[in-house]
Amino acid sequence: MPLIVQKYGGSSMGTLDRIQHVADKVISAKQQGHDVVVVVSAMYGETDRLIQLANALTPYPEPREYDVLISTGEQVSMALLSMALNMKQAPARSFTGAQIGILTDGVHTKARILDIKTDVITRELEQGRIVIIAGFQGVNAQGDITTLGRGGSDTTAVAIAAALNAHECQIYTDVAGVYTTDPHLISEARLLPQISFEEMLEMASLGAKVLQMRSVELASKHNMPIRVLSTFSEGAGTLVTFEDKIMHKRMVSGIAFSREEAIISLSGAPRQVGMEGRIISQVSRANIEIDMIAQHTTVQNTVDFTFTVQRREHAKALKIIEDLAKEMGAGAVKTNAKVAKLSLVGIGMRSHSGVASTMFTTLGDAGIPIQMITTSEIKISVIVDEAHLEKGVRAVHQAFELDKHPQTTEQTYIE
Ligand code: ASP
Ligand code: MG
């Protein structure tokens, strides 16, 4: 029987009614002739509640005990789902990560999976049972419980699907799939039937939070297709898969954005070899992550150096740069703590020129100044004033016809 792995997130498991609904969905997959392995998250809000309990008790919980605590949410939901299934005459059994043999390294709170034993799962499936596994957790070589980092149940599901060589890994959540952009901002956003692993990684890293990034990396490594679907509505969702399996090749797949950005610019610093390293290392020594960087030498032989950081680190980064500017005898430090990043993502950019020009012209026509640009093979990002973000996303979304059916490229490939 073809095996599918289904993962249900916290909102899908949020109440007993919802758990009953999940049980019905699992049963219908089984009735369609599948062996089913289910990975569950903790009930909505539960992991946060457990973390608050620990923090209220001590600012320095033992990492071992912290993992014992925060892994319990999944144990509750797996048992409840199993009970619901058994009540509905669908034989099921639940297992913790340790019971299955999800072996991880010893890094508590962000452990990585080393190996997954399949014998328990296989034995249960052979008995005709539905297997339910706690997401987000494993066990280290010493037998201690570990957890995989926030959102880690996605990674559990993909790792289990890969270990079992499943047909598909289905991630059930509270949205219908992956959209061309955030439908809360742009109501014309369209559900993408398919997206490549690479594009999904760019979208995820840019803040489209449907899947944990690690799970997408893992799926791509093991060639395991992921389908993102809604627990609460019908529909085929979005298939995240390899580029060559994508039927409608589009130039651009989506627009991701993040609001919490800030830009800092040091200008007129006398040119010196190694100054870029000096600037960056001062900032990273303070544990501040830098995102975009631009640098250029002026005709006066001075250097302008501009970068972006997360907005919450803006004040700290600005202080460092102002001190440095004095030391270096630089001109001015300019900054804007209310900027946003807008990124266009698409594998089609590799083979189509003109994406950047359409994007920049569109923003220009909308009267939106671009403050910074970076590009990679399948992504173009710009920094704009946060006040212009919505207008910019809407204009670019329209310019690339993302609100319409996917355009197919005219070329046919023989390779
Ligand atoms: N319950 C965990 C969390 O809230 C893991 C997950 O839901 O994926 O982060
Ligand atoms: Mg999640």
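Predicted model only: the values in this text are computed from it and were never measured. Quick note: numbers below take in every heavy atom, side chains included, and nothing from hydrogens, waters or symmetry partners.
Below 30°, between 30° and 60°, or above 60°: for His34 and His167 the angle between ring planes is below 30°, a parallel geometry.
No donor-acceptor pair under 3.5 Å is formed between the side chain of Ser41 and the backbone N or O of Ser153. Proximity of a side-chain donor or acceptor of Thr147 to a complementary backbone N or O of Phe136 within less than 3.5 Å is not detected. At least one donor-acceptor pair under 3.5 Å links the side chain of Asp67 to the backbone N or O of Thr109. In this structure, the side chain of Thr335 engages the main chain of Ile263 through a donor-acceptor pair within 3.5 Å. Remark: side-chain polar atoms of Thr375 are not paired, donor with acceptor, to backbone N or O of Ile380 under 3.5 angstrom. In this structure, Thr238 contributes its side chain and Val178 its backbone to a donor-acceptor pair below 3.5 Å. Using a distance-only test at 3.5 Å, with no hydrogens or angles considered, no donor-acceptor pair links the side chain of Ser258 to the main chain of Glu260.
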### Task
Walk me through it: do Gln6 and Gln170 pass the test side chain to side chain donor-acceptor pair (under 3.5 Å)?
CA-CA 5 Å; Gln6 298 190 325; Gln170 303 179 337; 2.9 Å; yes

### Task
Quick one: do Gln137 and Glu74 satisfy side chain to side chain donor-acceptor pair (under 3.5 Å)? Show the steps, please.
CA-CA 8 Å; Gln137 57 174 265; Glu74 274 70 15; 5.2 Å; no

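For Lys88, the side chain to side chain donor-acceptor pair (under 3.5 Å) partners at least two apart in sequence or on another chain are Gln20, Asp24.
In summary, Arg259 and Glu386 engage in a salt bridge, as defined by a charged side-chain N under 4.0 Å from a carboxylate O. The pair Asp119-Arg123 fails the salt-bridge criterion, with no side-chain N (NZ, NE, NH1 or NH2) lying under 4.0 Å from an Asp/Glu carboxylate O. Note on Arg394 versus Glu390: salt bridge recorded, some NZ/NE/NH1/NH2 to OD/OE distance being below 4.0 Å.
Under the side-chain contact (heavy atoms from CB on, under 4.5 Å) rule, Arg64 has a single partner from Leu69, Asp144, Asn140, which is Asp144. Of the candidates Lys7, Gln212, Arg214, Thr155 forms a side chain to side chain donor-acceptor pair (under 3.5 Å) with just one, namely Gln212.
Listed here is the closest heavy atom pair of Met372 and Phe307: CE-CA, 4.0 Å. Smallest separation of non-hydrogen atoms from Ala189 and Pro183: CB-CA, 3.9 Å. Between Phe197 and Met224, the shortest heavy-atom contact is CZ-O, 3.4 Å. Arg311 approaches Val339 most closely through the heavy-atom pair NH2-O, 3.0 Å. What you find for Gly128 and Lys30 is that their closest heavy atoms are O-NZ, 3.5 Å. Annotation for Ser343 and Ser381: closest pair OG-OG, 2.7 Å, computed over non-hydrogen atoms.
Remark: Lys110 NZ is loosely packed, at most 12 non-hydrogen atoms of other residues, nucleotides or ligands lying under 6.0 Å away.
Counting only N and O atoms by type, the side chains of Thr231 and His21 include no donor and acceptor under 3.5 Å apart.
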